[in-house]
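This report concerns only the one structure given below.
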Amino acid sequence: MSETKAINNKLLVTELIVGNEKAFTELFNTYCNDVYAYSLSMLKNQVLAEEIVQDVFLNIWLHRDRLNTDLSFKSYVFTITRNLTFNLISKVANIHKLKKEVFYVSQKSYSPIEDIIAEADYDVIKNKAIEQLSPKRRVIFEMSRNKEMSYEEISKELNISVSTVKGQMSKTLADIRNFLETHGDVTLLITLLSSRWLE
């Protein structure tokens with residue numbers, strides 16, 4: 001973002017905080033298409049993406065007093081967009097068709113995504129996926145991935161058979177993939193599927 005645009009944005013946000021509707025409209029016109037494209041890239045559903053746009057800017061207007069002119073308004077907008085989109089995916093994940101559409105999307109991502117979803121966000125999603133596991137499966141998974149222990153080593157450490165370790169890991173990886181299908185970002189999922197993390 002150019003320095004001039006950044007200054008203009010700051011002035012608009014300052015006006016928005018005090019309820020200036022013209023400033024709100026200008027910010028809406030500036031970012032609505034990017035918000036729509038970002039949401040659409042994840043939802044693959046135009047109607048739902050349009051609803052996200054409305055929800056994002058309604059949220060911004062209702063909570064305009066919380067805005068901070070020293071922070072990036074663009075990042076703030078996309079953080080809200082990401083959160084609302086993830087929430088929507090969670091709510092409708094039980095609808096098989098949408099679930100498949102969210103998972104089996106093109107690997108081509110809309111360019112702002114990499115700027116907005118930082119590596120820290122990926123770690124949050126990965127940790128949430130692990131938190132869904134039962135204590136026993138979580139221990140086995142973390143021994144395998146964090147401590148890089150073999151199935152034989154885990155078997156001896158926990159005093160269980162190798163086949164039990166393999167069976168638990170198979171179920172664990174299926175659970176994690178299922179969680180990421182409905183809660184994660186496509187870029188993250190593709191990355192993990194192509195790495196040892198989800199072998």
### Task
Would you give the length of the straight line joining atom CZ of R82 to atom CE of M42, rounded to the nearest 0.5 angstrom?
9.5 Å

### Query
Does some side-chain heavy atom of M169 sit less than 4.5 Å from a side-chain heavy atom of S144?
yes

### Message
Counting C-beta onward and ignoring hydrogens, is there a side-chain heavy-atom pair between V165 and I140 closer than 4.5 Å?
### Response
yes

### Query
What distance do L67 atom CG and L16 atom CG have between them, rounded to the nearest 0.5 Å?
5.5 Å

### Task
Please work out which of the three classes, parallel, tilted or perpendicular, describes the rings of Y38 and F78, given edges at 30° and 60°.
tilted

### Task
Compare all side-chain heavy atoms of R137 with those of K171 and state whether any distance is below 4.5 angstrom.
yes

### Query
Is any side-chain heavy atom of T81 less than 4.5 Å from a side-chain heavy atom of D55?
no

### Shortest non-hydrogen contact from Y76 toward I60
CE2-CG1, 4.1 Å

### Query
Roughly how far, to the nearest 0.5 Å, is the OG atom of S161 from the CD atom of E152?
11.0 Å

### Task
First locate atom CG of L58, then atom CD of E51, and finally report the distance between them rounded to the nearest 0.5 Å.
12.5 Å

### Task
Considering only NZ, NE, NH1 and NH2 on the basic side and carboxylate oxygens on the acidic side, decide whether K10 and D70 come within less than 4.0 Å.
yes

#### Entry: same_hphob_cluster(L71, V18) at 4.5 Å side-chain heavy-atom cutoff
no

### Task
Under the side chain to side chain contact (heavy atoms under 4.5 Å, CB included) rule, what do F24 and L12 come out as? Steps first, then yes or no, please.
CA-CA 7 Å; F24 174 75; L12 289 173; over 6 Å; no

### Query
What pair of heavy atoms forms the shortest contact from S39 to A49, and how long is it?
OG-CA, 3.8 Å

### Aromatic centroids of F57 and Y31 separated by under 6.0 Å
no

### Qualifying residue, where the test is side-chain contact (heavy atoms from CB on, under 4.5 Å) with I80 and the options are V56, I52, T85
V56

### Summary
Minimal heavy-atom distance between M149 and E153, with the atoms involved, is CA-OE1, 3.2 Å

### Common cluster, I17/L62, ILVMFWY with side-chain heavy-atom separation under 4.5 Å
yes

### Message
Treating N29 as the side-chain partner and T25 as the backbone partner, does any N or O pair qualify as donor plus acceptor under 3.5 Å?
### Response
yes

### Summary
CG (L11) and CG (N20) are apart, to the nearest 0.5 Å, by 11.5 Å

### Query
Are V77 and L27 side-chain neighbours, meaning at least one heavy-atom pair lies under 4.5 Å?
no

### Query
Are any of the side-chain heavy atoms of I154 and E157 separated by less than 4.5 Å?
no

### Message
Just checking Q46: does its CD atom have more than 12 heavy atoms from other residues, nucleotides or ligands closer to it than 6.0 angstrom?
### Response
no

### Nearest heavy-atom neighbours spanning A23 and E15
CB-CB, 3.6 Å

### Nearest-0.5 Å distance, OG of residue S163 to OH of residue Y151
12.0 Å

### Task
For the residue pair E26 and N8, establish whether any side-chain heavy-atom pair is separated by less than 4.5 Å.
yes

### Query
So, do L158 and K136 sit near enough that their side-chain heavy atoms are less than 4.5 Å apart?
no

